[in-house]
There are 2 protein chains.
Amino acid sequence: MNQDKQQKRKAQILDAALRVLVQKGYDSSRIDDIVKESGMSKGAIYWYYKSKKEVYLALVDHWVHRYSVTLNHIVEEKRPAADELKDLFNFFIAQYESDTVVFKALLEFWSLAGRDEDFHQKLQLVYSDFLYLIQKILELGKKSGEFKDIDITATALSIMINIEGMIWFTLFDVNDLTPRRYIQTITDFILAGLQKKSH
Amino acid sequence: MNQDKQQKRKAQILDAALRVLVQKGYDSSRIDDIVKESGMSKGAIYWYYKSKKEVYLALVDHWVHRYSVTLNHIVEEKRPAADELKDLFNFFIAQYESDTVVFKALLEFWSLAGRDEDFHQKLQLVYSDFLYLIQKILELGKKSGEFKDIDITATALSIMINIEGMIWFTLFDVNDLTPRRYIQTITDFILAGLQKKSH
DNA sequence: TAAACTAGACCGACCAGTCGGTTTAGTTTA
DNA sequence: TAAACTAAACCGACTGGTCGGTCTAGTTTA
């Protein structure tokens, strides 16, 4: 069986695992749920992954890989820092509007990171990279004279937290506030705080 | 047995439940863990609460009640909106610095809200109230002419998300960034975005 | 024909909640 | 005031069910 087919099979398992994860949470998600959801057999799942935990660790990698391609692309081409930030926000809006399930899963992984060292290590790395990426944008804006002299680390974290905060919309209602309007508001807000007055 | 003793017993259970919750997560937390942690017997716990779920639902109420006293106090006395906001932030810094365990538990409750209707309803209410409180402060600042004409709902949510974002520090490391420095940075940031230029 | 499966029985560990019984604190009786 | 009584508070062994992971015996795919 070729690599492609194997990748498809793995993706089939991970897709099922993702759906199960957001419905039940990690601890209450059953291998048999993944069996049902994926349409594969228990044997097949244990053929590709050696344990339940391995499945979910692979799920993190799967999505990190998907996201990092686009994210790195945003920073690579040199443009005004403000535009790069906007692209970043827009990417996550688009992501949210096309499918909220990944955001829901994220919450579960945060929770897991708090009590499992393997998940903690993996996510620590993911977030270090993500923060580094935002910091690069901020530094760029600072060096080019586009941005004020702000605390880059703290600002980067705030930006990240506001993006991750979209999880909130998957959980609760806020009057008629949409993620799009939310992100647009905080984009304006953040840029107002960052940019030097141009007049 | 008098009310006081009963309340003490319940607090003893809830304290233990909180510690167990952050160590194991909801689904993997065992009644026997609470037994061990509280020094009480299984029978005693089931005497006060009819199920595991009831214990944790009571835990939410317990802390909501504790927090709401202070929070409402901050808004009650009429002072400049910026000062009220600062007090809000300072309250959560103090809270975090004295004990991070409640922040960790919060994450678990968010996760639970995503898959359990009872927890969802309870937290929806908690957050509606909290958002309402922040909105009141923002409206106050707007009416008094202290603040610009911002999107109150979206700004309130962003403030809340940045506060809740302190959870991040219980999970991961960011270079040498502390919650205090983080909150101070975003306080400046937010106030800069909100306040009218005073010169 | 070897790898990639399917179906599902099975094992051992684990655990929420129950229940029969005991203790404690307080009240009534004689 | 001491014995008898009562109900709340509490104890912990036990049960019925659950589930991750294994394994077997056969089938399909490339």
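Proteins get letters first, then strands, A, B, ... in listed order; numbering begins at 1 in each.
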Query raised in the report: Quick one, which residues of residues 26-42 of chain A touch DNA chain C with a heavy atom under 4.0 Å?
Result: Met40(A), Ser41(A)
**Report entry** Steps toward side chain to side chain contact (heavy atoms under 4.5 Å, CB included) verdict (Val126(A), Phe109(A))
**Finding:** CA-CA 12 Å; Val126(A) 171; Phe109(A) 287 124; over 6 Å; no
Query raised in the report: Do Asp61(B) side-chain atoms and Ala58(B) backbone N/O form a donor-acceptor pair below 3.5 Å?
Result: no
Report task. Between Ala44(B) and Ser51(A), name the one whose nearest nucleotide on DNA chain D is closer to the 5' end. Result -> Ala44(B)
Query raised in the report: Would a distance-only check, ignoring hydrogens and angles, find a side-chain to backbone donor-acceptor pair under 3.5 Å from Ser144(B) to Leu140(B)?
Result: yes
Report task. Round to the nearest Å and state the distance from Asp4(A) atom CG to dA30(D) atom P. Result -> 13 Å
Query raised in the report: Does dC19(C) have OP1 or OP2 sitting under 4.0 Å from an N or O in the side chain of Tyr46(B)?
Result: no
Report task. Check whether any side-chain nitrogen or oxygen of Gln6(B) sits under 4.0 Å from OP1 or OP2 of dA9(D), and answer yes or no. Result -> yes
Requested in this report: Searching all strands shown, indicate the nucleotide that pairs with dA30(D) (Watson-Crick or G-U wobble; both distances under 3.5 Å).
Outcome: dT1(C)
Report task. May I ask you to list the residues of residues 13-23 of chain A, by number, that have any heavy atom positioned under 4.0 Å from an atom of DNA chain D? Result -> none
Query raised in the report: Roughly how many Å is it from NZ in Lys8(A) to P in dA30(D), rounded to a whole number?
Result: 11 Å
Query raised in the report: How long is the line joining NZ of Lys24(A) and P of dT18(D), in whole Å?
Result: 12 Å
Query raised in the report: Does a side chain donor of either Tyr56(B) or Ser29(B) reach within less than 3.5 Å of an acceptor in the other side chain?
Result: yes
Query raised in the report: So, the side chain of Glu146(A) versus the backbone of Ala81(A): is there a donor-acceptor pair under 3.5 Å, distance only?
Result: yes
**Report entry** Among dC10(D), dT6(C), dG17(C), the one nearest Trp47(B) by side-chain distance
**Finding:** dC10(D)
Query raised in the report: Within 45° of the six-membered ring axis of Tyr26(B) and under 6.0 Å from that ring's centre, is NZ or CZ of Lys52(B) located there?
Result: yes
Query raised in the report: Can you tell me how far P of dG21(D) sits from OH of Tyr56(A), to the nearest Å?
Result: 11 Å
Query raised in the report: Which nucleotide in the set dA8(D), dG17(C), dT6(C) lies at the smallest distance from any side-chain heavy atom of Lys52(B)?
Result: dG17(C)
Query raised in the report: Are the side chains of Leu59(B) and Val55(B) in touch, meaning some heavy atoms are under 4.5 Å apart?
Result: no
**Report entry** Member of Thr185(B), Thr187(B), Ile186(B) meeting the side chain to side chain contact (heavy atoms under 4.5 Å, CB included) criterion with Asn162(B)
**Finding:** Ile186(B)
Query raised in the report: Looking at side-chain heavy atoms only, is the closest gap between Pro80(A) and Asp83(A) below 4.5 Å?
Result: yes
Requested in this report: Return the nucleotide paired to dC15(C): Watson-Crick means purine N1 to pyrimidine N3 with N6-O4 or O6-N4, wobble means G-U with N1-O2 and O6-N3, both under 3.5 Å.
Outcome: dG16(D)
